[in-house]
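For ligands, and for the atoms within them, numbers begin at 1 and follow the listed sequence.
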Amino acid sequence: MTHNIQNIVILTGAGISAESGISTFRTKGAVSYWETADESGVPILHRVEDVCTPEALARDAVLVHRFYDERRARLAQVSPNAAHQALARLDARWAGDLLIVTQNVDDLHERAGAKRLLHMHGELKSALCAACGEAAPWSDALPPASACAKCNEPRLRPDIVFFGEMPYQMDRIYDALENADLFVSIGTSGAVYPAAGFVQTARAAGARAIELNLEPSAGSALFDETRLGPATRLVPDLVD
Ligand SMILES: CC(C)NC(=O)[C@H](Cc1c[nH]c2ccccc12)NC(=O)[C@H](CCCC/N=C(/NCCC(=O)O)S[C@H]1O[C@H](COP(=O)(O)OP(=O)(O)OC[C@H]2O[C@@H](n3cnc4c(N)ncnc43)[C@H](O)[C@@H]2O)[C@@H](O)[C@H]1O)NC(=O)OCc1ccccc1
């Protein structure tokens, strides 16, 4: 990390958790899928429209809850990898401003020790009350119809930002982007907005922009530099 860099914003996507065994997003043409697996390991493709929109929750809450229950249960079977750990080391030692903005809803960044971390699309381990907006840790003891501890309404949902919903803490993110000297994007296809637009905001503010990805992304041309390869190699190389 060169000397004239004070403030850093790091954006991560599903690619940083891929080597930990968490599946990435699939986009075939216009249709986007999430892949999980049934108990015998047979892959199941869920269309985003069926599991990750407010309409889907209204239409079939049991399916949406089962989809996120499966992904939450998967967290117990996976661990942070060398890329998560390298970012946690950088977070611990960096004297300037640093913010890790993740699109991921898994808990691998914080399990690696990252502190200056923001989940812009929510977290699997959090429950949200659809009535009063109260967020609370998700506990598996929570039967689907259980009530909100604050307003007692039985309308708890996964604390996940669905498509069509506003991502979390956008003001804090844009403040950090406008003050960044370095913007690093790791393991993201640049397919989903507003995250896919952060590189333009950072560059417009004068930041240097580096992309670390297995393959070129939809936004590669917007970066000063693209390094191709697995995150577990590229991220330690960048930060150590
Ligand atoms: C599909 C897309 C076109 N649609 C959108 O972007 C929509 C609509 C939209 C808004 N603005 C637009 C402008 C233009 C076009 C469309 C839009 N955006 C929204 O709806 C957003 C909300 C979007 C958030 C939805 N929720 C998620 N996640 C939570 C759920 C869950 O996770 O289940 S998005 C979800 O999908 C995205 C997946 O992308 P990636 O993480 O990048 O993963 P992907 O698999 O695609 O790519 C992985 C990459 O890693 C690389 N890789 C793989 N292995 C490795 C490896 N080992 N090492 C390194 N790299 C690796 C691969 O090469 C690949 O490039 C992430 O953001 C993820 O969080 N909300 C909103 O705009 O609200 C409006 C609004 C405005 C004002 C007021 C109110 C409302």
Report task. Go through ligand 1 atom by atom and flag the ones less than 4.0 Å from a non-hydrogen atom of Ala18. Result -> 54 (N)
Requested in this report: Flag the pair Asp175 and Arg172 as a salt bridge only when some basic side-chain nitrogen lies within less than 4.0 angstrom of an acidic carboxylate oxygen.
Outcome: no
Query raised in the report: Just by modelled atom types, is the Gln6 backbone N or O under 3.5 Å from a matching donor or acceptor in the Trp94 side chain?
Result: yes
Query raised in the report: Less than 3.5 Å between some nitrogen or oxygen of Phe25 and one of ligand 1, yes or no?
Result: yes
Query raised in the report: Should the proximity of Ser189 to ligand 1, defined as any heavy atom under 4.0 Å, be assigned to the side chain, the backbone, both, or neither?
Result: both
Requested in this report: Using heavy-atom distances, let me know which of Ala196, Ser185, Gly197, Ala191 sits nearest atom 2 (C) of ligand 1.
Outcome: Ala191
Query raised in the report: Ile186 pairs by side chain to side chain contact (heavy atoms under 4.5 Å, CB included) with which of Ile100, Thr102, Leu87, Ile210?
Result: Leu87
Requested in this report: For the pair Arg116 and Asp91, find out whether any cationic side-chain nitrogen is under 4.0 Å from an anionic carboxylate oxygen.
Outcome: yes
Query raised in the report: Would you say ligand 1 has an N or O under 3.5 Å from any N or O of His121?
Result: yes
Requested in this report: Heavy-atom contacts with Glu215 under 4.0 Å: which atoms of ligand 1 show up? List them by number with element.
Outcome: 62 (C), 63 (O), 64 (C), 65 (O)
Query raised in the report: With atoms numbered from 1 as shown, which atoms in ligand 1 lie under 4.0 angstrom from a non-hydrogen atom of Thr188?
Result: 40 (P), 42 (O), 49 (C), 50 (O), 65 (O)
Query raised in the report: Any sub-3.5 Å donor-acceptor pair from Ser20's side-chain atoms to Pro80's backbone N or O?
Result: no
Query raised in the report: Hey, which atoms in ligand 1 end up nearer than 4.0 Å to a heavy atom of Gly229?
Result: 58 (N), 59 (C)
Report task. Just jot down the ligand 1 atoms closer than 4.0 angstrom to any heavy atom of Thr24, in number order. Result -> 45 (O)
Query raised in the report: Does some non-hydrogen atom of Ala83 fall short of 4.0 Å from ligand 1?
Result: no
Query raised in the report: Quick check: does Val161 get an N/O under 3.5 Å from an N/O on ligand 1?
Result: yes
**Report entry** N or O pair under 3.5 Å between Ala14 and ligand 1
**Finding:** yes
Query raised in the report: Using 4.0 Å as the upper bound for N to carboxylate O, is an ion pair formed by Asp224 and Arg203?
Result: yes
Report summary line: A student checking ligand 1 against Gly164 at a 4.0 Å heavy-atom cut-off should list atoms 19 (C), 20 (O), 70 (N), 73 (O), 80 (C)
Report task. Scan for ring-ring contact (aromatic ring centres under 6.0 Å, His included) pairs involving residues 174-213, sequence neighbours excluded, and state none if there are none. Result -> Tyr174-Phe198
Query - Leu214, any N or O under 3.5 Å of ligand 1 N or O - result: yes
Query raised in the report: Ignoring hydrogens and geometry, is there a side-chain-to-backbone donor-acceptor pair from Asp159 to Ala135 under 3.5 Å?
Result: no
Query raised in the report: Do Asn81 side-chain atoms and Ala83 backbone N/O form a donor-acceptor pair below 3.5 Å?
Result: yes
**Report entry** Ser217-ligand 1 polar pair, N/O distance under 3.5 Å
**Finding:** no
Report task. Number the atoms of ligand 1 from 1 as they appear, then name those within less than 4.0 Å of a heavy atom of Gly187, with their elements. Result -> 48 (C), 49 (C), 50 (O), 60 (N)
Query raised in the report: Is the closest N or O pair between Ala231 and ligand 1 shorter than 3.5 Å?
Result: yes
Query - Side-chain touch Arg59/Val64, heavy atoms, less than 4.5 angstrom - result: no
Report summary line: Ranking Arg71, Glu19, Met170 by closest non-hydrogen atom to atom 31 (C) of ligand 1, top hit is Arg71
Query raised in the report: Would you say the side-chain atoms of His119 pair up with the backbone N or O of Asn104, donor to acceptor, closer than 3.5 Å?
Result: yes
Query raised in the report: Between His84 and His109, what is the ring plane arrangement, given parallel below 30°, perpendicular above 60°, and tilted in between?
Result: perpendicular
Query raised in the report: Among His119, Glu165, Glu123, Met120, which one has a heavy atom closest to atom 71 (C) of ligand 1?
Result: Glu165
Report task. For Pro230 and ligand 1, answer yes if some heavy atom of the residue is under 4.0 Å from a ligand atom, otherwise no. Result -> yes
Requested in this report: Would you check if the side chain of Asn213 reaches a backbone N or O of Thr188 as a donor-acceptor pair within less than 3.5 Å?
Outcome: yes
Report task. Provide the number and element of each atom of ligand 1 under 4.0 Å from a heavy atom of Gly13. Result -> 41 (O)
Requested in this report: Report the part of Ile160 in contact with ligand 1, treating N, CA, C, O as backbone and CB onward as side chain, heavy atoms under 4.0 Å; options are side chain, backbone, both, neither.
Outcome: side chain
